[in-house]
Amino acid sequence: MNPDIKPGSIAVVFSGQGVTRRRDIYDYIDAVAQFNEQAVNRNLGLMEEASKLPLSRYRTDRDESVLGNTSVVQAFLGATHLAAIESLQLRIPKPEAVKLTAGHSSGEMAAMVFAGVYRPQDGIQLMAERGRIMHNVAVLRPSGLFIPLGLNR
């Protein structure tokens, strides 16, 4: 057990693409925008530049068909995670209260930005490139997501 983790400590965890149903991406963006619409718009704009994807238009249209493209989903998650980071940093009264930061899959880069390993602009570039690579691999090697449900320990 880590002796730094005491009652009142905060852990921040960023999800990856696999734990998000496609249609929930737009709900996640909207939820973060309720706290900080400017951060969402700014980060979507930065991610649009890095990914060359019209994310703001996709968000406005709420076109779920584009969410079958891994590069789009990764870009949306990355930009929204970074907007969430900005919102969290404004709301956490004592940054030193954050004792653990973690991320899964695409959330790993957001966790590293939150922890100060990467600058946000570097995170944007890495997340956009990760999305492109994952999409290209999916085109070359079509596959699907398999989730075992209902298993006991």
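The first residue of the sequence shown is numbered 1, and numbering continues consecutively from there.
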#### Entry: Side chain proximity check, R141 to N136, heavy atoms < 4.5 angstrom
no

### Query
Have S105 and R130 got a donor and an acceptor in their side chains that come within less than 3.5 Å?
yes

### Query
Taking C-beta and beyond as the side chain, do I92 and V98 meet within less than 4.5 Å on heavy atoms?
yes

### Message
Any heavy-atom pair between the side chains of L77 and F14 that's under 4.5 Å?
### Response
no

### Task
Would you mind reporting whether E48 and S56 have side-chain heavy atoms less than 4.5 Å apart?
yes

### Summary
Value for OG1 (T80) from CD1 (I85), rounded to nearest 0.5 Å, stands at 11.0 Å

### Task
Give a yes or no on whether V40 and L88 share a hydrophobic cluster (residues Ile, Leu, Val, Met, Phe, Trp, Tyr; joining criterion: side-chain heavy atoms under 4.5 Å apart).
yes

Enumerate donor-acceptor pairs with a distance under 3.5 Å from any side-chain N or O in residues 112-121 to protein atoms, sequence neighbours excluded.
| from | atom 1 | to | atom 2 | distance (Å) |
| --- | --- | --- | --- | --- |
| R119 | NE | D122 | OD2 | 3.0 |
| R119 | NH2 | D122 | OD1 | 3.0 |
| R119 | NH2 | D122 | OD2 | 3.4 |

### Task
Please report the closest heavy-atom contact between R59 and N41, naming both atoms and the distance.
NH1-OD1, 3.3 Å

### Task
Would you please test S51 and M127 for side-chain contact (heavy atoms from CB on, under 4.5 Å) and show each step?
CA-CA 9 Å; S51 67; M127 291 174 196; over 6 Å; no

### Task
Would you give the length of the straight line joining atom CD of E49 to atom CG of L46, rounded to the nearest 0.5 angstrom?
6.0 Å

#### Entry: Within-4.5 Å side-chain heavy-atom neighbours: T70 and R132
no

### Task
Any chance you could lay out the ring pair (Phe, Tyr, Trp, His ring centres under 6.0 Å) test for H81 and F76, step after step, and finish with the verdict?
CA-CA 8 Å; H81 283 336; F76 268 140; over 10 Å; no

### Query
Will you find, in the side chains of R42 and N36, an N or O donor that is under 3.5 Å from an N or O acceptor?
no

### Task
Apply the test side-chain contact (heavy atoms from CB on, under 4.5 Å) to residues L67 and Y26: give CA-CA distance (whole Å), side-chain angles for both, the deciding distance (0.1 Å), then the verdict.
CA-CA 10 Å; L67 300 179; Y26 292 121; 3.5 Å; yes

## Note on the structure
Of all heavy-atom pairs linking A50 and Q125, the shortest is CB-NE2, 3.5 Å

### Query
D24 and Y28: side-chain contact (heavy atoms from CB on, under 4.5 Å), yes or no, with the steps?
CA-CA 6 Å; D24 293 339; Y28 176 44; 6.0 Å; no

### Task
Answer yes if I10 and F35 sit in the same cluster of Ile, Leu, Val, Met, Phe, Trp and Tyr residues linked by side chain heavy atoms under 4.5 Å apart, and no otherwise.
no

### Task
Starting from the C-alpha separation in whole Å, work towards a yes-or-no answer on salt bridge (charged side-chain N to carboxylate O under 4.0 Å, His left out) for R57 and D63.
CA-CA 9 Å; R57 190 188 72 201; D63 181 359; over 6 Å; no

### Task
List, by chain and number, the other hydrophobic cluster members for V137, where Ile, Leu, Val, Met, Phe, Trp and Tyr join if side-chain heavy atoms come within less than 4.5 Å, directly or indirectly.
I133

